[in-house]
Amino acid sequence: MLGQPPPGWEGERGFVNADFLQRYLEKDRYRDEREIFLCGPQPMLDAVEAALEEVGVHVADFHTERFDLV
């Protein structure tokens with residue numbers, strides 16, 4: 001999602017959290033068959049992984065690649 005979207009943006013805004021994930025995952029009839037791939041800096045991934053676990057996505061169903069911004 002975007003923190004500062006351009007003018008005219010009508011999509012999601014803010015952080016990926018449990019509320020955001022629940023809105024989209026509950027509509028996904030294939031949810032139990034999917035794997036989730038995440039890539040980003042440590043703080044973002046920590047937050048998104050916690051949110052995924054909060055909405056019931058098992059840790060084995062998501063994969064992460066962490067990087068540091070220099």
Side-chain angles (χ1 to χ4, degrees):
M1 292 193 297
L2 298 174
Q4 297 178 350
W9 176 259
E10 295 181 13
E12 295 281 351
R13 299 168 189 247
F15 295 104
V16 175
N17 57 28
D19 291 334
F20 168 84
L21 292 170
Q22 194 62 43
R23 281 196 305 273
Y24 290 92
L25 291 176
E26 70 184 1
K27 298 175 189 175
D28 185 359
R29 65 182 182 161
Y30 300 107
R31 175 181 175 172
D32 294 335
E33 300 171 23
R34 297 197 191 282
E35 293 187 49
I36 298 169
F37 293 83
L38 309 166
C39 181
Q42 185 75 37
M44 182 194 84
L45 293 178
D46 290 345
V48 174
E49 287 172 344
L52 284 166
E53 291 177 8
E54 188 177 329
V55 298
V57 176
H58 190 273
V59 69
D61 293 333
F62 58 87
H63 313 279
T64 57
E65 180 178 337
R66 288 171 164 72
F67 63 80
D68 288 322
L69 300 172
V70 241

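Bear in mind the structure is a predicted one, so any value in this text is a computation, not a measurement. Along the sequence shown, the residues carry numbers beginning at 1.
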- Quick one: do Val59 and Val48 end up in the same hydrophobic cluster if we chain Ile, Leu, Val, Met, Phe, Trp and Tyr together by side-chain heavy atoms under 4.5 Å apart? yes
- Query: Would Phe62 and Glu53 count as a side chain to side chain contact (heavy atoms under 4.5 Å, CB included) if you check the C-alpha gap in whole Å, the side-chain angles of each, and the deciding distance to 0.1 Å?
  - Reply: CA-CA 10 Å; Phe62 58 87; Glu53 291 177 8; 4.0 Å; yes
- Check whether any side-chain heavy atom of Gln42 sits under 4.5 Å from a side-chain heavy atom of Thr64, and report yes or no. no
- Task: Search all heavy atoms of Trp9 against all heavy atoms of Arg13 and return the closest pair with its distance.
- Result: O-NH2, 2.9 Å
- Task: Test Val55 against Arg23 for side chain to side chain contact (heavy atoms under 4.5 Å, CB included), laying out the working first.
- Result: CA-CA 10 Å; Val55 298; Arg23 281 196 305 273; over 6 Å; no
- What heavy-atom pair brings Leu45 and Leu38 nearest, and what distance separates the two atoms? CD2-CB, 3.5 Å
- Looking at Ala51 and Ala18, what are the two nearest heavy atoms and their distance? CB-N, 3.5 Å
- Distance col, row Met44:CE vs Arg66:CZ, nearest 0.5 angstrom, shows 9.5 Å
- How far does CD of Glu49 sit from NE2 of His63, to the nearest 0.5 angstrom? 11.5 Å
- Message: On a heavy-atom basis, which atom in Phe20 and which in Phe15 lie closest, and how many Å separate them?
- Response: CB-O, 4.4 Å
